[in-house]
Amino acid sequence: MASQQQDVVFQFFDPATSTWTDQRVLTDPPIKTYRYGIPGELQAAKIEVTLDNEDDRYDPDNPMSPLYGIVGRYTRCRVRQNDLTATQAEAASFSPERSLAHVAGRPTPGTEPAGKGKAVCRVVAEGLLRRVLSWTTTLQSPMYRAPQRLVPRLIGHWPMEDGRDASALTNAAPNGRPGTQLNVTFQGNDGSGGSSEVISLAADSVMTGVFASASATAGWQLSLALQLAALPADGTLRPIIQWWCSNGYRWTFSVNNTSYQWDVVDSSGASVNSHNSAFGAGAAPNQWLIHRIKVSESGGTVTTEPAWYTEGTGTVFGVTDTFAGTVGALTRWRIAGNAHLVDAGIGHLFAVTTTADNLQSNEITRSFDGYPGETAANRFGRLMDEEGLLWYLDGDFDDTELMGFQRAGTLQSHLEEIMRTDDALIVDERLDATGLTMITRKFRSGQTPALELQWPGDITPPLRKITGDKDLYNHVTAANAAGGEYTAVLESGPLSTAEQPNGIGEKKQRVDVNVELDEQLKSIAEWYRSKGTVGRARYTDILVNVRNRPDLEEACQGVDVGMLITVAGLEFDTIPLLVIAIERTIETHRTIFAFTCEPADTFDVGRYDSGDKWSSATTVLGGTTYAPSATSLTLSTTSPRDRWSTTATPYDLKIAGEVVTCTAMGAASGSGPYTQTATVRRSVNGVRKWLSAGDEVHLANPKKWGR
């Protein structure tokens, strides 16, 4: 049976042939598609369809169906209309009904069913976000994850991020044996920027671990993160860690008040090698550092390459030494407390049986730091890559906020933090059911309208207009994950914190972000306050029936969440709106797009040196009252920076809702307030009224000077 609406196609993807196949979709009940880009929220895109199931072909358990093995959970599917942009998703549920013809047995597919009534299969499909939002697994800290992701031939990894009630040291290497511990404090130290809380030591603490079995190789590497509570008081060497190799060698890494030292003895205790190096500027171990030693052998000569990196410095120190001997294979390690290791932090001990990959690589040191200064878009892309998920970006990587330390959390919590910090949107990719798209804040600024509508001709009733306090905030605090805060307050004006009738009283909002520097909080708080004090009414749904207006169908299908649309003829000014949700309903005789929107005023940003003009924040009408026919207006401006241009005329001003065109502006007089006389053409937007002294004067279409 063909679709009742020939221009609508519902398709399944066959992974065996990599092709899309048309299905028998019905339009009664209607087909529905949903897309969401609500600021600060993650919500999966969705498709709802009903299929003709008279031959039981849409039952995933029917082996006689030509779709057996194709349809089922997470089958990719899409809706296309008039061969325009598709909406993709993954099948979340199949609900097949059985026709009367199947009561006694299953007929051959395609035969005419017996009985009355139509058997159908209802399919609900959702985007990748459905799966992401169901994942409750915590993504461990960057430093926990880095060795698993970046280092091959891992023979042991003890993150030491175990919970307070742990009894052993988790070994995160594949099939790794847990380590032992005695008298350590789990979660006793905050760890480096890229680590969760790690172990702190006492004078009598002991930790041990065994590396995975490995034959002697041409080399190995071992890495350890540490922080001493204080440097030793003198030059006496204090051991930090010892480890043993299959050739009987025992290695010891020690520190004193100025330097690091590496000692090697054989099975009889005889010295094989000893090497000492000064800390280097800013690289003492009383701060978090990662220490690595790479050891290789060639022709009976062993080369040692210790290196160390202090958190956040960007500088790696290192030395090289050689001695006659062999390397052997790593077998076990031991850390024993002493008076100088009291309250020392220890974490992320790991080793590999190769010298090909440098454990002091940029990837490892950035993980150790926790990626401070990483842009929000880069963090989004990196996390998606680490999880093996497809992703896209609308915007510029470098034009997003700089993030602070990445700590442990679910993928959902990380994505929500990225969204809040940049005021970005993260949505299901429209053309790929397995991917997500990040739409940056700046990408949504200064857009050309994707759809320009005229009321009433283009818009289907009802049109709901709400003047309320939803999403109104005049007292906004941006709070950083590292502890800083900044509060932006609108103290005057009709939406200010002043009590009625001068304002609306305090409407508070807290925005939890994660930025590199507290200096970023001011612009973030002011941005959210600016969004929260747009006085324009809210329009919950803009409905367009493209069956009545086929000339708008292609434009409507091209609109996505985060895009700008405009509505003219409804108010005296054209209304700019940002789309935050789209519901499309496809019926037999009509297709309706419902656009849920928010005011776009804050995203109408100005650009320096582009001809965009500043508006005034301190200008009011002087004099007394002005009749609707008056063409000479006196302006009084408090700030010298807000004086009006005498050369850039003509430009439009808005006063108490009336737009006037200033055709000439006189020079400013006085020393504050400053008085100017404007020659104007009245009632440009159709508003004709008396104006009064004290009415605020602004540009009619001012640009926002956003962050």
Side-chain angles (χ1 to χ4, degrees), residues 36-43 128-129 132-133 139 141-142 145 193-194 312 363 366-367 369-387 389-429 435-447 476-486 488 509-531 560-562 578 580 602-603 605 706-707:
Y36 301 98
I38 300 170
E41 297 183 17
L42 293 171
Q43 193 167 351
L128 176 61
L129 276 173
V132 171
L133 295 176
L139 305 185
S141 70
R145 290 156 59 88
E363 290 86 353
R366 290 287 287 148
S367 298
D369 289 341
Y371 302 100
E374 180 180 46
T375 68
N378 277 311
R379 181 160 299 182
F380 167 73
R382 178 177 55 77
L383 287 171
M384 294 290 287
D385 283 340
E386 290 178 9
E387 293 301 297
L389 300 175
L390 192 64
W391 59 276
Y392 305 87
L393 179 72
D394 287 344
D396 190 325
F397 284 100
D398 296 331
D399 234 1
T400 54
E401 285 291 338
L402 301 180
M403 302 285 291
F405 300 125
Q406 178 191 323
R407 299 288 188 173
T410 64
L411 180 59
Q412 175 183 347
S413 68
H414 284 303
L415 296 181
E416 289 172 340
E417 184 177 74
I418 289 168
M419 286 196 298
R420 291 192 303 271
T421 300
D422 190 64
D423 192 21
L425 306 177
I426 295 178
V427 301
D428 281 307
E429 165 59 26
L436 302 182
T437 296
M438 176 176 171
I439 308 170
T440 71
R441 171 181 49 80
K442 286 195 175 179
F443 184 82
R444 282 142 59 212
S445 299
Q447 296 184 59
V476 178
T477 298
N480 196 11
E485 289 187 354
Y486 184 91
Q509 180 187 32
R510 176 188 171 96
V511 184
D512 291 309
V513 299
N514 182 6
V515 291
E516 180 187 22
L517 303 171
D518 282 350
E519 287 84 343
Q520 295 169 249
L521 296 174
K522 181 176 185 293
S523 64
I524 292 174
E526 290 177 345
W527 170 261
Y528 278 100
R529 182 202 60 192
S530 180
K531 285 185 65 177
D560 200 2
V561 291
L578 277 183
I580 60 174
T602 309
F603 289 87
V605 299
R707 60 189 180 101

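Count residues from 1 along the sequence. Keep in mind that the numbers below use all heavy atoms, side chains included, and drop hydrogens, waters and symmetry copies. Computed from a predicted model, the values in this text were never measured in an experiment.
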Side chain H414, main chain F380, donor-acceptor under 3.5 Å:
no
Taking all heavy atoms of M384 and all of W391, pick out the closest pair and write down the distance.
CB-CD1, 3.4 Å
State which residues pass side chain to side chain donor-acceptor pair (under 3.5 Å) with E429; sequence neighbours excluded, sorted by chain then number.
T437
How long is the span from the CG atom in L390 to the CG atom in L128, to the nearest 0.5 Å?
8.5 Å
Any side-chain to backbone donor/acceptor pair from Q447 onto R444? Under 3.5 Å, distance only.
yes
Do T440 and D399 make a side-chain contact, defined as non-hydrogen atoms from C-beta onward lying under 4.5 Å apart?
no
Looking at V515 and N480, what are the two nearest heavy atoms and their distance?
N-OD1, 2.9 Å
Backbone N or O of G193 within a donor-acceptor pair of the D369 side chain at under 3.5 Å?
no
In this structure, CD of E526 is separated from OH of Y486 (nearest 0.5 Å) by 5.0 Å
Partners meeting side chain to side chain contact (heavy atoms under 4.5 Å, CB included) with Y36 (sequence neighbours left out):
Y34, I38, Q43, A581
So, using side chain to side chain donor-acceptor pair (under 3.5 Å) as the criterion, who are the partners of S530 when residues are at least two apart?
none
Restricting to side chain to side chain contact (heavy atoms under 4.5 Å, CB included), what partner residues turn up for A376, sequence neighbours left out?
T400, M403, I418, D422, M438
Just how far is it from atom CG of L411 to atom OG of S413, taken to the nearest 0.5 Å?
8.0 Å
Under the salt bridge (charged side-chain N to carboxylate O under 4.0 Å, His left out) test, residues paired with E386 that sit two or more places apart:
R145, R149, R382
Residues at least two apart in sequence or cross-chain that pass salt bridge (charged side-chain N to carboxylate O under 4.0 Å, His left out) with R379, listed by chain then number, are E374
Roughly how far apart are L383 CG and L415 CG, rounded to 0.5 Å?
7.0 Å
Applying salt bridge (charged side-chain N to carboxylate O under 4.0 Å, His left out) to D512 and not counting sequence neighbours gives R510
Partner residues of T477 under the side chain to side chain contact (heavy atoms under 4.5 Å, CB included) criterion, sequence neighbours left out
H475, E485, T487
Taking the side chain as every heavy atom from C-beta outward, state whether L402 and L517 have any atom pair closer than 4.5 Å.
no
Heavy-atom check, side chain of L436 versus side chain of V427, under 4.5 Å
no
To the closest 0.5 Å, what do you measure between CG (N378) and CG (D385)?
10.5 Å
Side-chain heavy-atom pair L139, Q406 within 4.5 angstrom cut-off
no
Could you list the residues that satisfy salt bridge (charged side-chain N to carboxylate O under 4.0 Å, His left out) with D518, not counting sequence neighbours?
none
How long is the straight-line distance from CG of D423 back to CD1 of I524, given to the nearest 0.5 Å?
9.5 Å
In the structure I gave you, are the side-chain heavy atoms of R441 and F603 within less than 4.5 Å of one another anywhere?
yes
Restricting to non-hydrogen atoms, name the atom on A408 and the atom on S141 that form the minimum distance, rounded to 0.1 Å.
CB-N, 4.1 Å
All ring pair (Phe, Tyr, Trp, His ring centres under 6.0 Å) counterparts of Y371, not counting sequence neighbours
none
Run the side chain to side chain donor-acceptor pair (under 3.5 Å) test against E417 and tell me which residues pass, sequence neighbours left out.
N514
List in chain and number order the residues that pass side chain to side chain contact (heavy atoms under 4.5 Å, CB included) with M419, two or more places apart in sequence or in another chain; answer none if no residue qualifies.
L42, E416, I426
Would you name the heavy atoms of A479 and L521 that are closest together and state the gap between them?
C-CD2, 4.5 Å
